[in-house]
Amino acid sequence: MSDSETDALVIGAGPGGYVAAIRAGQLGCDVTLVEKEAYGGVCLNHGCIPSKALISATDLAERAGSAAEMGVDAEVSTDLGRMVEWKEGIVDQLTGGVEQLCRANGVELVEGRAGFVDPTTVRVDGGADAPDRIDFETAIVATGSRPIQLPGFDFGDWPVWSSRDALSAETVPDRLLVVGAGYIGMELSTVYAKLGSEVTVVEALDDVLPGYEDDVAAVVRDRAAELGISFNFGEAADGWTETDDGIRVTTETDDGETPAYDADRVLVAVGREPVTDTLGLANAGLETDADGFLPTDRQGRTAVDHIHAIGDVAGEPMLAHAASKEGIVAAHAAAGDPIDVGDWIVPAAVFTDPEIGTVGMTADEAAEVGFDPVVGEMPFAASGRALTTGEADGFVRVVAAEDGALLGAQVVGPEASELVAELAFAIRQRATLSDLAETIHVHPTLSEAVMEAAENALGQAIHTTN
Ligand code: FAD
Ligand code: NAD
């Protein structure tokens, strides 16, 4: 097809790119969104949504099958094929919704792979209906990330799974070896343990979920062990061989030992890397940093002023909600209507059993930057609502400055991913411990634990010792 022109070109339709395109359309820009694979990106198709669907389904099964204490006796069986089919239905509904929303906001959709020809033009390798070249005034690069391929573990080989394979498998491996106990390793180990796999995890570092505090990670690790997941820390996976009845994965310890594990499949989840290699960055005058990410300023501008980068391709945190917010900021900047970014507060959640939800600083981080932090905690074991759900592991912790201004919070326990929203809002609003403690929370709810953690920091908790 012929060439075309646009005010704002967005490359990649993940939660960064499609949100940026819709906002640019709302701001009156003439917007074109180029996507090479599927609307919704990794998040909707192979990441957040598929994983949360399988987490919910397997959690339901596990809970139903272990609720005898509540007077519930159930014989539960699971069918991964049907679970995956159900998950695909949700994905189709959401990706169809993204396409419709883009069109409703005047976004021109182009199917194909975009690469820069020069600083104001991309070439598109696409179908017959796609333009060959698009000239643009501003561009937003939102090409996301892909799983890091570990040497010795080729994703093309039959026993080696990426997270994408694990989320679309139709049969449950009897023995699953998981490499990496980060976000993906922990979420998907839990899914497969609840489906009945014998799950073994090897992790190069000395605990699960690097970056999370020891006592937070410990709650998740202990529950995972209860589910039958076995952990091997301080071991880096370095290869696999075929055996008579499956595969043997070898690892290497810091002391040079080489343990081996028999398995049927190996899920490699050792991090994700940005997708920039087919973008022709040099043609646009762009360079990545040493880790392959596109560096940007707070408005998402790259070193080439009219080209923005957002989401996973622009670096940590590699989270969908951060990508979307960066998309909104970049769309405003591209439309010539920049917004004040203010404090950049990004909550994070790990959808393990139980969940983790964190925002802002830990007590150690607060101390490192010069605060003398005030800390309060409320264990879920003392929450009436947590006990009535049968899930009372974990706690809410709040961290505040000397004057009570909230700096951060760590929640590990039931619905932590939801509970952290109130805490993120509180930090954004510069709320204090007293603001949280004086807000009346519905009884009996898990959110009362947020109020009580603040009361505890003030020495005023009723349901835990101060
Ligand atoms: P992506 O979603 O990666 O989208 C990029 C898009 O760009 C893709 O559709 C790709 O096809 C397209 N593209 C790439 N190159 C080109 C090109 N040259 N031309 C045209 N199109 C191109 N995050 C959370 O916040 N919560 C979660 O619960 C969560 N769970 C996850 C679970 C898993 C298993 C995985 C893998 C990730 C998870 N994440 C989660 C991370 C989240 O998926 C990413 O942070 C998010 O998708 C990043 O959005 P993005 O828009 O930057 O990129
Ligand atoms: P990760 O960085 O969270 O964890 C990777 C783990 O692999 C680390 O603990 C690392 O020490 C370990 N590792 C590296 N090489 C190893 C080796 N050779 N042998 C053994 N262990 C090794 O990465 P991930 O789990 O792949 O997830 C990628 C990203 O996706 C996350 O950082 C996050 O941004 C995003 N994500 C988010 C969510 C969520 O928000 N709930 C869920 C899934 C993924």
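Atom set for the values below is all heavy atoms of this structure, side chains included, hydrogens, waters and symmetry mates excluded. As the structure lists them, so they are numbered: ligands from 1, and atoms in each ligand from 1.
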Contacting atoms of ligand 2, where contact means under 4.0 angstrom from a heavy atom of Gly271: 5 (C), 23 (O), 24 (P), 26 (O)

Proximity of Arg272 to ligand 1 by residue part, where a heavy atom lies under 4.0 Å: side chain

Closest approach of Val199 to Val178 (non-hydrogen atoms, all atoms of both residues): CG1-CG2, 3.9 Å

Polar atom proximity, Gly16 to ligand 1 (N or O, under 3.5 Å): yes

For atom 22 (C) of ligand 1, the protein heavy atom that lies nearest, with its residue and separation: Lys36 CG, 3.7 Å

Ligand 2 versus Leu319: contacting region, heavy-atom distance under 4.0 Å: side chain

Trp158 side chain reached by Arg265 side chain, heavy atoms, under 4.5 Å: yes

Contact partition for Tyr183 relative to ligand 1, non-hydrogen atoms under 4.0 Å: neither

N or O pair under 3.5 Å between His321 and ligand 1: yes

Ser383 (side chain) donor-acceptor with Pro379 (main chain) under 3.5 angstrom: no

Residues Thr251, Glu235; criterion side chain to side chain donor-acceptor pair (under 3.5 Å); working and verdict: CA-CA 6 Å; Thr251 69; Glu235 293 185 24; 2.7 Å; yes

Residue pair Asp135 / Thr120, side-chain donor-acceptor N/O under 3.5 Å: no

Any Val313 heavy atom less than 4.0 Å from ligand 1: no

Atoms in ligand 1 flagged as close to Ser163, the criterion being non-hydrogen separation under 4.0 Å: 34 (C), 36 (C)

Nearest atoms (heavy-atom pairs only) where Gly311 meets Glu326: N-OE1, 2.7 Å

contact_flag Glu235 ligand 2 heavy-atom lt 4.0 Å: yes

Shortest protein contact, atom 25 (O) of ligand 1 (heavy atom only): Ala320 N, 2.8 Å

Nearest-contact summary for atom 53 (O) of ligand 1 - protein heavy atom, Å: Gly144 CA, 3.2 Å

Atom 4 (O) of ligand 1: the protein heavy-atom neighbour that sits closest, reported with distance to 0.1 Å: Gly14 CA, 3.5 Å

For Ser145, the ligand 1 atoms whose distance to one of its heavy atoms is below 4.0 Å: 3 (O)

Nearest option to atom 5 (C) of ligand 2, as decided by whichever heavy atom of Ala269, Ser417, Ala320, Gly180 sits closest: Ala269

Ligand-residue contact atoms, ligand 1 with Gly41, heavy atoms, under 4.0 Å: 2 (O), 4 (O), 8 (C), 9 (O)

Within reach of ligand 1, part of Ala349 (heavy-atom separation under 4.0 Å): neither

Nearest protein heavy atom with distance in Å, relative to atom 6 (C) of ligand 1: Glu35 OE1, 3.5 Å

Gly16 to Ala142 - nearest heavy-atom pair and separation: C-CB, 4.4 Å

Ring center gap for Phe155 and Phe153 short of 6.0 angstrom: no

Electrostatic pair Asp59-Lys194, nearest N-O below 4.0 angstrom: yes

Residue portion contacting ligand 1 (non-hydrogen atoms closer than 4.0 Å) for Pro15: both

Test item: Glu355 side-chain N/O and Ala416 main-chain N/O as donor-acceptor pair under 3.5 Å: yes

For ligand 2, the portion of Asp238 having any non-hydrogen atom under 4.0 Å away: neither

Contact atoms of ligand 2, heavy-atom distance to Phe351 under 4.0 Å: 41 (N)

Met318 neighbourhood, listing ligand 1 atoms whose heavy-atom distance to it stays under 4.0 Å: 41 (C), 45 (O)

Which residue and heavy atom of the protein sit nearest atom 44 (C) of ligand 1, plus the separation: Asp312 OD2, 3.3 Å

Whether Trp161 and Tyr192 hold their rings parallel, tilted or perpendicular, with breakpoints at 30° and 60°: tilted

Any Gly112 heavy atom less than 4.0 Å from ligand 1: yes

Expected output: side-chain Asp343 to main-chain Ile345 donor-acceptor under 3.5 Å: no

Heavy-atom nearest neighbour in the protein, as seen from atom 26 (N) of ligand 1, with distance rounded to 0.1 Å: Cys48 SG, 3.9 Å

Shortest non-hydrogen contact from Gln299 toward Ala333: OE1-CB, 3.7 Å

Location of contacts on Ala322 toward ligand 1, heavy atoms closer than 4.0 Å: neither

Per-atom contacts of ligand 1 with Gly311, taking only distances under 4.0 Å to non-hydrogen atoms: 52 (O)

Test: Glu198 and Arg175 ion pair at under 4.0 Å: no

Atoms in ligand 2 flagged as close to Leu150, the criterion being non-hydrogen separation under 4.0 Å: 18 (N)

Between Tyr261 and Asn232: side-chain donor-acceptor atoms closer than 3.5 Å: yes

Atom 32 (C) of ligand 1: the protein heavy-atom neighbour that sits closest, reported with distance to 0.1 Å: Gly47 C, 3.4 Å

Side-chain touch Leu94/Ile90, heavy atoms, less than 4.5 angstrom: yes

Option of least heavy-atom distance to atom 25 (O) of ligand 2 (set: Val202, Leu267, Ile184, Val270): Ile184

Residue pair Ile229 / Ala193: nearest heavy atoms and the distance that separates them: CG1-CB, 3.7 Å

Options Pro147, Ala237, Ser51, ranked by nearest heavy atom to atom 19 (N) of ligand 2, top entry: Ala237

Heavy-atom check, side chain of Glu170 versus side chain of Leu80, under 4.5 Å: no

Heavy-atom check, side chain of Val220 versus side chain of Asp222, under 4.5 Å: no

Best match, Val350, Thr95, Thr143: closest heavy atom to atom 14 (C) of ligand 1: Thr143

Sub-4.0 Å atoms of ligand 1 with respect to non-hydrogen atoms of Lys52: 27 (C), 28 (O), 29 (C), 30 (N)

Proximal atoms of ligand 1 relative to Leu319 (non-hydrogen, under 4.0 Å): 23 (N), 25 (O), 45 (O)

Ionic contact status for Glu37 with Arg113, cut-off 4.0 Å: no

Under-4.0 Å heavy-atom contact with ligand 1, by part of Val42 that carries it: both

Residue part near ligand 1, for Ile184, under 4.0 Å between non-hydrogen atoms: side chain

For atom 10 (C) of ligand 2, the protein heavy atom that lies nearest, with its residue and separation: Glu203 OE2, 3.5 Å

For atom 21 (N) of ligand 2, the protein heavy atom that lies nearest, with its residue and separation: Ala204 N, 3.1 Å

Per-atom contacts of ligand 2 with Arg272, taking only distances under 4.0 Å to non-hydrogen atoms: 28 (C), 29 (C), 30 (O)

Check: Thr6 side chain, Asp30 main-chain N or O, donor-acceptor pair, under 3.5 Å: yes

For Ala142, atoms of ligand 1 separated by under 4.0 Å from a heavy atom: 5 (C), 6 (C), 7 (O)

